[in-house]
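The structure appears below as structure tokens.
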Amino acid sequence: MRGIIATAPGKAPDEERPAALVIDAADAAGQRVDRYLAARLDGVSRTRLQQWIALGAVQCDERALSASTRLKGGERIVVEPQPREADTAFAPDPVELNIAYEDEDLLVVDKSAGLVVHPAAGNWRGTMMNGLLHHRPALARLPRAGIVHRLDRDTSGLLVVAKTERAFASLTAQLAERSMGRRYLALAIGVCRPAGTIDAPIGRDPVSRVRMAVLDPGRGKAARTHYERLALGTLEGRELSLLECRLESGRTHQIRVHLRSIGHPLVGDALYGGAALGGFARQALHAWRLALRHPADGRPMQWRSPLPADLRALCAAASIDVAPIEARE
């Protein structure tokens, strides 16, 4: 492949696809990104490259690019080559979606636990993205079918999807500038401080590539989580803290990793050492509030998702009354 100047730093070895490629687009002014990359990457057809772009695997400044993006010249483009199995991933599937809101520019999905948001190794079909393409086929022209941010498979709650290129640009910018409000309810093991901020970089765990970890400065990406303790409870002889967590960044597994780093893993989070108290076998984490500026006119909008039944029952078993918490403005 011509024009590759580096492999992306910090990538763990991956037997299923090559490391990410970083391409210096110094000579790309005025060109569409799909055409430019097709000319630079040997053995990759423009059609296949467009599939990678649609999966969000072509980025600049940590933002996914659309195929029609016009380059200014001088960009550093990160391309994550996808395996052949990915060629069929960008297809519609009749996945049931709980849509909390929809208009001409965006929609908000209240995701159930267990639903994978985006196709990846082991889950190329039947994801939320495939369901979005079934619900609105026109989303196929946007990276990741308009998905702006993600939730882990076993995390429930709200996430926003853009329906137009204008909306995608606006919402990804809000995410990058940290003006999009995302608040989570989390049930953590132990008695947390009444409030705090965890400011610690996150990157791939050097021991296990399926986990993320807090790393030394310079090795991980900056990440900051604010938390407030809302209630205390007890279950199976263990003290628990119900927290509201607010993100300033959106790193993979951020809340889970940050809380573990201060000794308070989430209930049910086996990957990060959280015991499955009360038989709760997924991380006790719910994206319950979302706030943003509408991409068309800038008006503030917000949504709230009630706790799902399993997490509500877990709180009740710990003698935590969530009703007054959910009633708060």
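Just so you know, these numbers use all the heavy atoms, side chains as well, and skip hydrogens, waters and symmetry mates.
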Members sharing Val214's hydrophobic cluster, built from side-chain contacts under 4.5 Å between Ile, Leu, Val, Met, Phe, Trp and Tyr, are Ile202, Val210, Met212, Val257, Leu271, Tyr272

Residue list, salt bridge (Lys or Arg N to Asp or Glu O under 4.0 Å) with [X], at least two apart or on another chain:
X	result
Arg289	none
Arg178	Glu248
Asp27	Arg40
Arg251	Glu62

Of all residues at least two apart in sequence or in a different chain, which pass the side-chain hydrogen bond (donor to acceptor under 3.5 Å, both in side chains) check with [X]?
X	result
Gln254	Thr225, Ser249
Arg293	Glu177, Ser179
Arg211	Asp205
Thr127	Asn130

Determine which pairs satisfy side chain to side chain donor-acceptor pair (under 3.5 Å) with at least one residue from residues 183-193, sequence neighbours left out, and list them in order. Arg183-Glu244

Listing request: all side chain to side chain donor-acceptor pair (under 3.5 Å) pairs with a residue in residues 295-312, at least two apart in sequence or in separate chains.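 For residues 295-312: Asp110-Ser305, Arg282-Asp310, His286-Ser305, Asp297-Arg299, Arg312-Glu326.
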
Just grab all the ring pair (Phe, Tyr, Trp, His ring centres under 6.0 Å) pairs involving residues 150-181, residues at least two apart or on different chains.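 Passing the test, one end in residues 150-181: no pairs.
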
